[in-house]
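Source: prediction; values computed, not measured.
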Amino acid sequence: MKKSVSTFAKAAAMAAFLLTGLAATPSLADGHGKVMAKDAWARARTAPAKVAGAFMTLHNMTKQDDRLVGAKSSISARTEVHTHEMKDGVMKMIHVKEGIELKAGQMVEMKPGGYHIMFMGLKEQLSEGKEFPVTLVFEKAGDVNVTVSVKKAGAMKHGHGSMKHDMKKMDHGSMKKSN
Ligand SMILES: [Cu+2]
C-alpha cells in the first residue's frame with residue numbers, strides 16, 4: 001500500500017510539474033523565451049515607389065544565439081535583409097547574405113542608415129496608416145511574424161536628418177563584427 005501511495009505522490013508531482021509548465025505558457029505571448037521583433041515601421045511614400053525599407057527592433061529572449069537570415073512578405077516580389085555601408089565616400093545598400101547575428105539576450109536595432117528589411121518590386125503602395133505583415137526567418141527560431149506600420153514621412157525627422165550620426169554609431173556599436 002505504501003508503494004502505491006508513493007507512486008501516487010510521484011504522479012501528483014509530475015502533474016504539478018506539467019501544470020506549472022502549462023501555466024508558464026501564457027508568458028510566451030509577451031515574448032519571454034522567444035525571438036521577437038517589435039516597433040516595425042516603414043516610411044510612407046507620396047509618390048509610387050518600387051522599393052521600400054522597414055525598420056524594427058529585434059530581441060533575442062532565448063538562451064541561444066540566433067541569426068536573422070531572411071524575410072518574406074507578400075507586399076513585394078523580393079524581400080531581403082539589407083544594411084548601409086560607406087564605400088569610397090558613397091553610401092551603399094548591401095544585401096546581408098550572412099544575416100544579422102542576434103546573440104542570446106541581445107537587442108539589435110534596425111534603423112535608417114543601417115540594417116533594414118528591403119522590399120523590392122512593391123506590389124502595394126505604402127500609404128500612411130497602412131499595416132502589412134512580414135515574416136522574419138531566423139536560423140533557430142524559424143519564422144517570426146511582425147506587423148509593419150507605415151508612418152508619415154515627416155514624423156521620421158529624427159532618423160532622416162541624422163544619417164551621418166547613425167553611421168558613426170553603426171561603426172562603433174551596433175554594426176555586426178565580421179569575424
Ligand atoms: Cu536596402
Derivation of the side-chain contact (heavy atoms from CB on, under 4.5 Å) call for I100 and V81
CA-CA 8 Å; I100 301 175; V81 179; 3.6 Å; yes
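- When all heavy atoms of A141 and D66 are compared, the closest pair comes out as N-OD2, 2.9 Å.
- Across K152 and A44, no two heavy atoms sit closer than the pair CA-CB, 4.1 Å.
- Counting heavy atoms from C-beta outward, R67 and D65 have side chains that stay 4.5 Å or more apart.
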Verdict with supporting geometry, Q106 and V108, side-chain contact (heavy atoms from CB on, under 4.5 Å)
CA-CA 7 Å; Q106 194 189 14; V108 169; 3.9 Å; yes
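- The aromatic rings of H95 and H82 are tilted relative to each other, their planes meeting at an angle between 30° and 60°.
- Once rounded to the nearest 0.5 Å, the distance linking CE of M107 with CE of M36 reads 9.0 Å.
- Residues A47 and Q125 approach most closely at O-OE1, 4.0 Å, considering heavy atoms.
- A pairwise comparison of heavy atoms in A40 and V146 identifies CB-CG2, 3.7 Å as the closest pair.
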In a table with atom names and distances, give each donor-acceptor pair under 3.5 Å that connects a side chain of residues 51-62 to protein atoms at least two apart or in another chain.
residue: N60; atom: OD1; partner: T62; partner atom: N; Å: 3.0
residue: N60; atom: OD1; partner: T62; partner atom: OG1; Å: 2.6
residue: N60; atom: ND2; partner: Q64; partner atom: O; Å: 2.9
residue: N60; atom: ND2; partner: L102; partner atom: O; Å: 2.9
residue: N60; atom: ND2; partner: K103; partner atom: O; Å: 3.3
residue: T62; atom: OG1; partner: Q64; partner atom: N; Å: 3.3
residue: T62; atom: OG1; partner: Q64; partner atom: O; Å: 3.1

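- In the hydrophobic clustering of this structure, V150 does not group with M118; members are Ile, Leu, Val, Met, Phe, Trp, Tyr whose side-chain heavy atoms approach within less than 4.5 Å, directly or through other members.
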Is there a side-chain contact (heavy atoms from CB on, under 4.5 Å) between V144 and T135 once you walk through the steps?
CA-CA 6 Å; V144 172; T135 302; over 6 Å; no
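- Within a 6.0 Å sphere centred on NZ of K87, heavy atoms belonging to other residues, nucleotides or ligands number 12 at most.
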Donor-acceptor pairs under 3.5 angstrom involving side-chain atoms of residues 68-78: please list them, not counting sequence neighbours.
residue: K72; atom: NZ; partner: D143; partner atom: OD2; Å: 3.1
residue: S73; atom: OG; partner: I75; partner atom: N; Å: 3.1
residue: S76; atom: OG; partner: R78; partner atom: O; Å: 3.0
residue: S76; atom: OG; partner: T79; partner atom: OG1; Å: 3.0
residue: R78; atom: NE; partner: E80; partner atom: OE2; Å: 3.3
residue: R78; atom: NH2; partner: E80; partner atom: OE2; Å: 2.4

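- In terms of hydrophobic clustering, with Ile, Leu, Val, Met, Phe, Trp and Tyr side chains grouped at heavy-atom distances under 4.5 Å, L122 and V134 are assigned to a common cluster.
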Does the pair H84 and H116 meet the rule for a side-chain contact (heavy atoms from CB on, under 4.5 Å), with working shown?
CA-CA 9 Å; H84 280 101; H116 54 279; 3.3 Å; yes
Do any side-chain atoms of residues 126-133 form donor-acceptor pairs under 3.5 angstrom with protein atoms, and if so which ones, sequence neighbours left out?
residue: K130; atom: NZ; partner: E124; partner atom: OE1; Å: 2.5
residue: E131; atom: OE2; partner: S149; partner atom: OG; Å: 3.4

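- For the atom pair E85 CD and T83 OG1, the distance stands at 6.5 Å (nearest 0.5 Å).
- The hydrophobic cluster containing M120 also contains M93, counting ILVMFWY residues as joined when their side-chain heavy atoms lie under 4.5 angstrom apart, directly or transitively.
- With rounding to the nearest 0.5 Å, the separation of CG in D39 from CD in E109 is 9.0 Å.
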